[in-house]
Structure formats: structure tokens, C-alpha cells
2 protein chains.
Amino acid sequence: MSRWPDRLRDMTTSSTRNASSSSSRSGSYHHGDLRKALVNEAVRIIREEGEKALSMRKLALNIGVSRTASYHYFADKQALLCAIAEEGFRRFNVMLSEVHHAGQRPPSAKSMRDFVAGYVQFATEQTEYYDLMFGGHIWESRTSTDSLREESHNSFRNYVSSVRSWQENGLISDKVDALRFSQVSWSTLHGISRLIIDGIYVDSAAIEPICENAAEMFWRELEP
Amino acid sequence: MSRWPDRLRDMTTSSTRNASSSSSRSGSYHHGDLRKALVNEAVRIIREEGEKALSMRKLALNIGVSRTASYHYFADKQALLCAIAEEGFRRFNVMLSEVHHAGQRPPSAKSMRDFVAGYVQFATEQTEYYDLMFGGHIWESRTSTDSLREESHNSFRNYVSSVRSWQENGLISDKVDALRFSQVSWSTLHGISRLIIDGIYVDSAAIEPICENAAEMFWRELEP
DNA sequence: GATATTGTCTTGACACTGTCAAAATGCGTA
DNA sequence: TACGCATTTTGACAGTGTCAAGACAATATC
């Protein structure tokens with residue numbers, strides 16, 4: 001049924017405790033953990049109603065707090081979105097390292113196919129996060145938090161070192177420059193993901209073969 | 001200085017005649033060609049101030065016409081954006097066929113490198129159009145015009161047939177499926193473009209080698 | 001326990017946005 | 001001249017992000 005290995009499923013479930021409906025501490029003036037509640041509800045809105053449907057006012061009102069309460073935790077809407085993106089990168093890194101550790105040692109061709117599948121699955125199933133993580137809004141130089149930049153650089157660094165390890169194990173020709181290879185292949189994954197997410201590649205039956213072809217084209221040389 | 005062949009430069013200059021400053025027909029009530037003026041000014045705003053800075057009101061007021069005048073030509077903001085995207089695809093197709101016809105016959109490896117360069121150049125220099133052409137907003141099923149869909153399908157069809165011709169000339173192995181190859185390589189170009197546009201790949205000196213590596217990785221087999 | 005300080009949230013306000021409905025204006029034609 | 005039509009305007013409504021002041025609660029200090 002599903003295109004994806006089961007291992008990669010269900011990163012969707014929220015990781016928060018019972019936390020903080022608007023009446024949790026029964027009528028207390030202060031909200032239990034407003035910051036977390038804001039992020040959670042924002043993610044929920046984006047996932048279920050689309051990013052466009054997220055407004056600071058509706059968000060606050062949904063939680064049961066007044067219009068501008070959020071501004072005590074986030075300087076502006078952008079800052080909220082950055083926080084979500086950061087959380088996205090954290091989940092993304094978790095997924096990557098799971099894929100990495102679940103593969104056989106030494107890494108095989110399957111490791112790389114799993115990576116492709118994992119990436120595209122994350123992008124297309126956790127769109128709430130992926131859109132923000134790689135959306136342009138957040139990357140205009142000074143709007144993005146330092147911690148966000150760091151978390152994202154980690155992602156890419158990890159990937160480059162994966163590539164190096166594939167190279168050391170003879171899965172990728174060691175003639176190619178690891179950095180360039182990483183940039184180009186990452187671009188491919190990002191491109192596939194975006195074209196699917198944005199509804200340009202619509203035939204969902206084609207997704208799997210596209211992914212397989214991508215893996216094959218990049219790592220063709222490994223099959224003799 | 002520039003990364004790009006001169007042939008590909010200067011598609012930026014507007015293709016409209018002297019047309020229609022707000023006082024062109026000296027005080028006439030009707031605007032000469034409001035529809036065109038709207039599109040032009042919208043493109044200008046997006047290019048110079050960013051898509052976010054485009055509002056229907058400011059747009060109309062800039063042109064010297066009142067807030068809602070635009071709604072006589074465009075059902076809503078979305079429709080305006082679709083019109084721009086469509087124009088973008090038209091320019092894009094022109095660029096593609098220029099690249100195609102400028103190459104040697106029969107097509108060589110250089111043809112393909114030119115295609116990569118042309119694509120990424122278009123995307124990064126005519127961002128006003130590219131963002132709309134491949135932005136998600138426009139592709140949610142019923143917001144996109146039929147003519148837009150057609151113009152865009154043309155682009156892709158042309159590309160697939162380029163790939164086929166490269167295949168016939170032995171530039172690409174004829175073992176690979178032309179459609180899949182097109183989808184994946186298009187994804188790569190789109191991915192590279194987006195990562196540059198969105199400011200994630202920031203080192204502009206790296207762009208050229210990235211493009212070259214992309215071309216090389218996809219069409220590796222042609223060099224013996 | 002009373003008081004001051006700080007962190008948290010609310011109210012009011014402003015300048016914007018997209019878009020609808022109805023009215024006004026100009027132009028070509030009968 | 002008057003009619004009809006395409007074009008543009010005015011008025012209005014609901015919604016947005018965000019700032020500045022104030023109101024309230026919890027905590028620290030005396």
C-alpha cells in the first residue's frame with residue numbers, strides 16, 4: 001500500500017505531553033506552557049489548513065489566549081516560523097540518523113536507496129516542516145535565527161559525511177568531489193520533493209520509479 | 001565576469017512599447033491598456049521589492065488607477081499571478097528553443113551543458129517569473145488557468161523531446177527511460193535553482209561548478 | 001505579612017490587505 | 001440626443017501583523 005518502509009512511518013505524532021488545553025490549569029491567568037502550545041497549534045493549522053491559513057490572531061484565539069499574547073514569546077510571525085523550521089530540522093536529523101544506523105554495515109547500495117526514500121518521504125509527508133525548512137522566507141539573511149542556521153548546517157554536514165563514507169566503501173567513485181556530489185544530489189532530492197509537494201508532479205504512482213531512477217543515475221557506477 | 005554566455009543575457013528588458021504611464025493619454029478617463037500595465041508593474045514590483053510587497057491596492061495606485069480597477073481584468077490576485085506565470089513560461093520556452101537552435105547539429109555534450117546553464121540562469125535571473133511558474137500557490141488544482149497548464153506542459157514536452165534527440169545522437173544511453181530521465185534531471189535543475197534562489201546555496205562562486213558537476217554526473221557515460 | 005519587581009497577558013489602536021456591491025463615468029452607436 | 005456597454009470609482013466589510021499602555025499574577029525582598 002504505502003510507498004515507504006514502515007520504519008520510516010509515524011514521525012507525525014506529536015511529541016508533547018498532555019500539555020495545556022486552554023483550561024488546563026482550570027482558570028489560571030497564566031497559561032501552562034504557551035510557547036509550546038503556540039508551536040503545536042501552528043503546526044497543526046499549517047498541516048490541516050495550509051500555511052496560508054496561519055494567522056497570529058487565529059492561532060492565539062484557537063488556543064484561548066488573546067490576539068497579541070504570542071508576541072511575548074516570538075518577536076514576530078517570522079520568529080514563530082523559524083522556531084517551527086528549527087524543530088523540523090531536528091526531526092529531519094533524527095530521521096537521517098535512523099536511516100543511517102538501520103542500514104547494513106558496511107553501507108550498501110540499499111543504504112543510498114533508503115536515504116533517497118527517507119528524504120522524499122519526509123518532505124512529502126511532513127510538508128508542514130519541510131516547506132518552512134527550505135522555504136525562501138526564512139533564509140533572507142537576517143530573519144533566520146542563528147540556532148536555525150546551525151541546525152540546518154548540521155543536516156548538510158551529516159549528509160556530506162555520509163557521502164564520504166559511501167565513497168570510502170567504494171559505493172561512489174572517489175574521483176568525484178564529495179562536496180559537489182552532495183550539493184548536486186541534494187538538489188535532486190530537493191527538486192523532486194518540491195515538484196511533488198507543489199503539485200507539479202501529480203502522478204503519485206510515478207514517485208517511486210522517479211526516486212529509483214534518481215538513485216540509479218547518481219550511483220550507476222557501483223553496479224558492474 | 002558573468003557566469004553566463006552572452007547569448008543568454010538580456011531577456012530582462014521589458015517587451016512593451018512606451019506604454020501607458022498614468023498620464024499617457026493626457027487625462028483620459030480610460031487607461032490605454034490597463035491590463036498590460038498591471039502585469040508590467042506587478043512584475044516590476046516583484047522583481048524590485050519582492051513578491052510579498054505586491055498588493056492589489058499598491059499596484060493599482062502605482063499605476064494611477066483606483067484600488068479595485070484591476071478586478072475588471074483579473075478575477076482575483078491569483079488570476080493576476082497566473083497571467084504572469086504564463087508570460088514566464090512563454091519567455092522560458094523562447095529561451096529553451098534559442099539554446100536548442102544555437103547548439104551545433106548534431107547536438108553535442110555542449111548542447112546539454114548550455115541547457116543546464118540556460119535553465120539555471122533563467123531561474124536565478126528572472127526570479128520574478130520562475131517563482132510564480134513553479135510556486136505551489138498556482139498549482140493547487142483549480143486555481144491554475146487552462147492556458148497556463150498548457151504552456152507549462154509544452155515546456156516539459158519540449159524538454160522530453162530534447163532528451164530523446166540527445167538519446168538518438170548517442171549522448172545519453174538509450175537504456176534509460178526518456179521520461180524518467182527527464183523527470184529526474186529536471187528535478188535536479190529545479191532543485192539547484194531553488195536552493196540558490198532561496199539563499200540556501202549562498203556561495204555564488206560555487207554555482208558554476210555545481211552546474212558543471214550536475215551535467216557531468218548525468219551525462220557521464222558520453223565521455224569514454 | 002506588606003511591598004516592590006518581574007514576567008505574563010489583555011485592550012485599544014493603526015495602517016494595511018483582498019474583495020464585493022453599487023454607483024459613476026466615458027465612448028460608440030442607433 | 002439618448003441608449004447601452006465597457007470601464008473605472010466609491011464605500012464598505014472582514015481580516016491581517018504589530019505596537020504601546022495598561023492589567024493582572026507570581027515571586028522576591030524587606
Side-chain angles (χ1 to χ4, degrees), chain A residues 19-42 45-46 49-85 132 135 137-138 140 142-144, chain B residues 19-42 45-46 49-84 132 135 137-138 140 142-143:
Chain A
S20 56
S21 86
S22 66
S23 58
S24 66
R25 284 231 270 151
S26 56
S28 80
Y29 180 76
H30 289 310
H31 188 285
D33 190 345
L34 184 51
R35 197 195 138 98
K36 189 166 289 178
L38 285 167
V39 172
N40 286 349
E41 176 66 8
I45 292 180
I46 296 179
E49 310 171 41
E51 184 180 342
K52 190 130 201 178
L54 173 67
S55 83
M56 292 302 261
R57 299 172 98 110
K58 192 166 110 185
L59 172 59
L61 263 39
N62 272 6
I63 290 185
V65 90
S66 98
R67 291 160 274 149
T68 62
S70 330
Y71 287 87
H72 193 256
Y73 298 94
F74 301 101
D76 50 19
K77 193 180 183 183
Q78 200 69 247
L80 207 209
L81 297 178
C82 277
I84 297 177
L132 293 176
H137 321 293
I138 284 182
E140 292 128 22
R142 85 207 139 299
T143 67
S144 68
Chain B
S20 56
S21 85
S22 65
S23 57
S24 67
R25 283 232 270 152
S26 55
S28 81
Y29 180 77
H30 289 309
H31 189 284
D33 190 345
L34 184 51
R35 196 195 140 99
K36 189 166 289 178
L38 285 167
V39 172
N40 286 348
E41 175 66 6
I45 292 180
I46 295 179
E49 310 172 40
E51 185 180 342
K52 190 130 200 178
L54 174 67
S55 85
M56 291 303 262
R57 300 172 97 111
K58 191 167 111 184
L59 171 60
L61 262 40
N62 272 6
I63 290 185
V65 90
S66 98
R67 297 151 283 133
T68 62
S70 329
Y71 286 88
H72 191 256
Y73 299 94
F74 301 102
D76 49 18
K77 192 180 183 182
Q78 201 68 248
L80 207 208
L81 297 178
C82 276
I84 297 177
L132 293 177
H137 321 293
I138 284 181
E140 291 127 22
R142 84 206 140 299
T143 67

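In what follows, chains are A, B, ... by sequence order, proteins preceding strands, each numbered from 1.
As rounded to whole Å, 12 Å separates atom C1' of C:dC9 from atom CG of A:Leu38. Straight-line distance from the CG atom of B:Leu61 to the P atom of D:dT10: 10 Å, rounded to whole Å. Here the P atom of nucleotide C:dT17 and the NZ atom of B:Lys52 are 13 Å apart, to the nearest Å. The distance from atom CD1 of B:Ile63 to atom P of D:dT7 is 15 Å, rounded to the nearest whole Å. When rounded to the nearest whole Å, the span between CZ of B:Arg35 and P of D:dT8 equals 13 Å. Rounded to whole angstrom, the span from the CD atom of B:Glu51 across to the P atom of C:dT17 amounts to 15 Å. In this structure, the OH atom of A:Tyr73 is 19 Å from the P atom of D:dG17, given to the nearest Å.
Put simply, B:Tyr71 has no side-chain N or O that comes within less than 4.0 Å of OP1 or OP2 on C:dA21. Between C:dC9 and A:His72, no contact under 4.0 Å exists linking OP1 or OP2 to a side-chain N or O.
The residue A:Phe74 sits apart from the nucleic acid: no heavy atom pair falls under 4.0 Å.
Not a single donor-acceptor contact under 3.5 angstrom links the side-chain atoms of A:Ser66 to the base of C:dT11. No hydrogens or angles were tested; on distance alone, nothing pairs the side chain of B:Thr68 with the base of D:dT8 as donor and acceptor under 3.5 Å.
In this structure, the side chain to side chain contact (heavy atoms under 4.5 Å, CB included) partners of B:Arg57, at least two apart in sequence or on a different chain, are B:Ser55, B:Arg67.
Nearest to the side chain of A:Ala69, among D:dT9, C:dT10, C:dT19, sits C:dT10.
Both B:Leu34 and B:Arg67 sit near DNA chain D, but only B:Leu34 has its closest nucleotide nearer the 5' end.
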Could you go through the side chain to side chain contact (heavy atoms under 4.5 Å, CB included) check for A:Leu81 and A:His137 one step at a time?
-> CA-CA 9 Å; A:Leu81 297 178; A:His137 321 293; 5.8 Å; no

When you look at B:Val39 and B:Tyr73, which way does the side chain to side chain contact (heavy atoms under 4.5 Å, CB included) test go after all the steps?
-> CA-CA 10 Å; B:Val39 172; B:Tyr73 299 94; over 6 Å; no

Contact list (N/O, under 3.5 angstrom) for nucleotides 14-16 of chain D vs protein:
residue	atom	partner	partner atom	Å
D:dT16	OP1	A:Ser55	OG	2.8

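Under a 3.5 Å cut-off, the side chain of A:Lys77 and the backbone N or O of A:Leu54 do form a donor-acceptor pair.
Considering CE of A:Met56 and OH of A:Tyr71, their distance stands at 4.0 Å, rounded to 0.5 Å.
Here A:Lys58 pairs with A:Glu49 in a salt bridge; the nearest charged N to carboxylate O distance falls below 4.0 Å.
The side-chain contact (heavy atoms from CB on, under 4.5 Å) test with A:Ile84 singles out one residue from A:Leu132, A:Ile138, A:Asn40, and that residue is A:Leu132.
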